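Indexing begins at 1, ligand by ligand and atom by atom, following the structure's order. Fair warning: this is a prediction, and the values are worked out from it, not measured in the lab.
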Amino acid sequence: MKVKNAVHGVRGGLAYLKRVSCGFRKKIVGYCLLGLLSVSLSLGFIGVSKWVIDAATGTMEGSWGIGIVLLAGLVVLQLVCDGIDNWMSVGMQVGVGNRLRHRLFARLLQSRWNAMEQFHTGDVMNRIEKDVSSVVGMLTVSLPSFVVTGMQLLAAFVFFCFLDARLPWVVVGVFPLFLWIGRFYLKRMYRYTSKIRKSDSRIQSIIQESLQLRSVIKALEQNDRYIGKLDRQQKTLQARLMQRTRFSILTRTCVSAAFAVGYLIAFVWGTVHLHQGLITFGTMAAFLQLVGKVQRPILDMARMLPSWVEVFASIDRLRELEALPQEREAAQVLSPTTPDVVVDKIDFGYDKGEALVFRQFSYCFRAGSRVAVMGETGRGKTTLVRLLLAFAVPQSGNIRLCTTDWEVEVSAETRCNFTYVPQGNTLFSGTIRDNLLMGNPEATEEDMVCALHTAVAGFVFDLPSGMDTLVGEQGSGLSEGQAQRIAIARALLRPAFILLFDEATSALDADTELRLLENLKKHCAGKTFIFVTHHTAVAERCDAVLRLDV
Ligand SMILES: Nc1ncnc2c1ncn2[C@@H]1O[C@H](COP(=O)(O)OP(=O)(O)OP(=O)(O)O)[C@@H](O)[C@H]1O
């Protein structure tokens, strides 16, 4: 798919980091400067300690007591820096994380209704949680550390040159070799990391779907099968992680061995020069500390590499989500009065090459009428609702909202003219009141009571907490029929001209269904009702029946 064509690569990844860091760049630079101050303090510590040792051993003149006071001052400053560092780091992590999740969540909600079908929700959740935190870690921890470590290395290198100009160039000499090995290392790590992220997503998908459908799993006695499925995926993840760890340990051991040899050379060099009286004890101590100061940052940078690789794999996954086709955002287009809904010679099929669901289909839903849409399962009833709501767009023909002197083709902007009760249980966790307010955030207590009565949901007033009763995910705690009636009340609160009921009364008993239809007729005069239904009782109380299977 198009999403797959999203341009991968380091350049794209860097551009993404630049984009998402917007608004935090000053803080990140400030954080880097703080890190540099911290490095300067630690180098200052080395310089002063050399002076103190040389003064104490009589190699240099001066009061080593002042040096000790200076050292204590430098330690205090370092502690203050560490405190500010922690404070800034947490603040940035929270801020950047919130910003990234906001950006992704908004894009997912604004994407076209079926754009996400290619992803499992568990995979999407995994990306929002783990890939976002990996990018946050990069921007707020790894990137500043990389800058500071690089500067630390440079500063130590310059300091080194003052002590002896030859040794540091050995480091420069081996640098091209490091780059060459690094290229091979990065490629391999990227491959391992991408596979690991995929396995991780699969695990989350299995857990999420199984928990959502746990009653189905229980009823079909498939517990062991699903636990086994999880175990197999976990084993795959473990194998992939171990493979990456093996490779990582191998490369890290090689780097550490190279550094151990480097330290040994530096130590022997220092000892020989000390023995020959060419350097002082202070220089020897400073020299050995500096060797550490050069080696530590290089090792730290090498250790950061896996997290850089992980970030680029994560960025690719986040960019796939961000590349989902979006709905155009524009002002609402509200009809002046209840409009006719004219479906004019539409052709529509979901996928290219597959049979069309509608071929040259036309129909007019008259303003203020009640129409039952019927037909065998799979004939396109729900698809018609999606087309009216402009979730899907016909390949040819059009659907228009028309009044005597006003006409507009349906689009995301005309959705405000409709209210929709989908199939199944569509309540959110929270109170019944929260659910009702989703239909109309400005609804008064009186409006909500009226909507509940019209939807034959008077049972809500018998609950101990009434409208403040808490319901669980997907309306758990309520019966299917109770949840359907609250969903209908929610839809009635929305100030819209056309009400779309997609098998919205399927869980109601015949008597309750009839009372609901009577109430709708009485309280919602002038509005258009489109009932997708298999119930003949509903069809008998409508002004027209649209059969899709004839
Ligand atoms: N998201 C989708 N992607 C691809 N094909 C789809 C999608 N949704 C539905 N279809 C196909 O479109 C056709 C019409 O489906 P639709 O859901 O509109 O039928 P329906 O009449 O509402 O069925 P039911 O009475 O079972 O709800 C079916 O062949 C179905 O397989």
Partner of T454 under side chain to side chain contact (heavy atoms under 4.5 Å, CB included), chosen from L520, I488, L516, L493: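 The option that passes is L520.
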F361 and F358 aromatic ring geometry - parallel, tilted or perpendicular at 30°/60° bounds: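 If you compare the ring of F358 with that of F361, the planes turn out tilted.
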Kindly print each ligand 1 N/O atom paired with any protein N/O atom under 3.5 angstrom away, one pair per line, or none if nothing qualifies.
| residue | atom | partner | partner atom | Å |
| --- | --- | --- | --- | --- |
| ligand 1 | 1 (N) | E117 | OE2 | 3.0 |
| ligand 1 | 8 (N) | R386 | NH1 | 3.2 |
| ligand 1 | 18 (O) | T382 | N | 3.4 |
| ligand 1 | 18 (O) | T383 | N | 2.9 |
| ligand 1 | 18 (O) | T383 | OG1 | 2.4 |
| ligand 1 | 19 (O) | G380 | N | 3.4 |
| ligand 1 | 21 (O) | G378 | N | 3.4 |
| ligand 1 | 21 (O) | R379 | N | 3.1 |
| ligand 1 | 21 (O) | G380 | N | 3.0 |
| ligand 1 | 21 (O) | K381 | N | 3.0 |
| ligand 1 | 21 (O) | K381 | NZ | 2.9 |
| ligand 1 | 22 (O) | T382 | N | 2.9 |
| ligand 1 | 22 (O) | T382 | OG1 | 2.9 |
| ligand 1 | 23 (O) | G378 | N | 2.8 |
| ligand 1 | 25 (O) | K381 | NZ | 2.8 |
| ligand 1 | 25 (O) | H534 | NE2 | 3.3 |
| ligand 1 | 26 (O) | T377 | OG1 | 2.4 |
| ligand 1 | 27 (O) | Q423 | NE2 | 3.3 |

Y185: which of F247, Y192, Y190 passes ring-ring contact (aromatic ring centres under 6.0 Å, His included):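 Of the listed options, the one satisfying the test is F247.
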Working for side chain to side chain donor-acceptor pair (under 3.5 Å), residues R197 and N126: CA-CA 9 Å; R197 301 295 307 117; N126 190 275; 3.0 Å; yes
Salt-bridge criterion met for E518 and K521 (N-O under 4.0 Å):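 Salt bridge flag = no for K521 with E518.
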Cation-pi, F531 ring and R370 (6.0 angstrom, 45 degrees):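 Cation-pi check for R370 and F531: fails.
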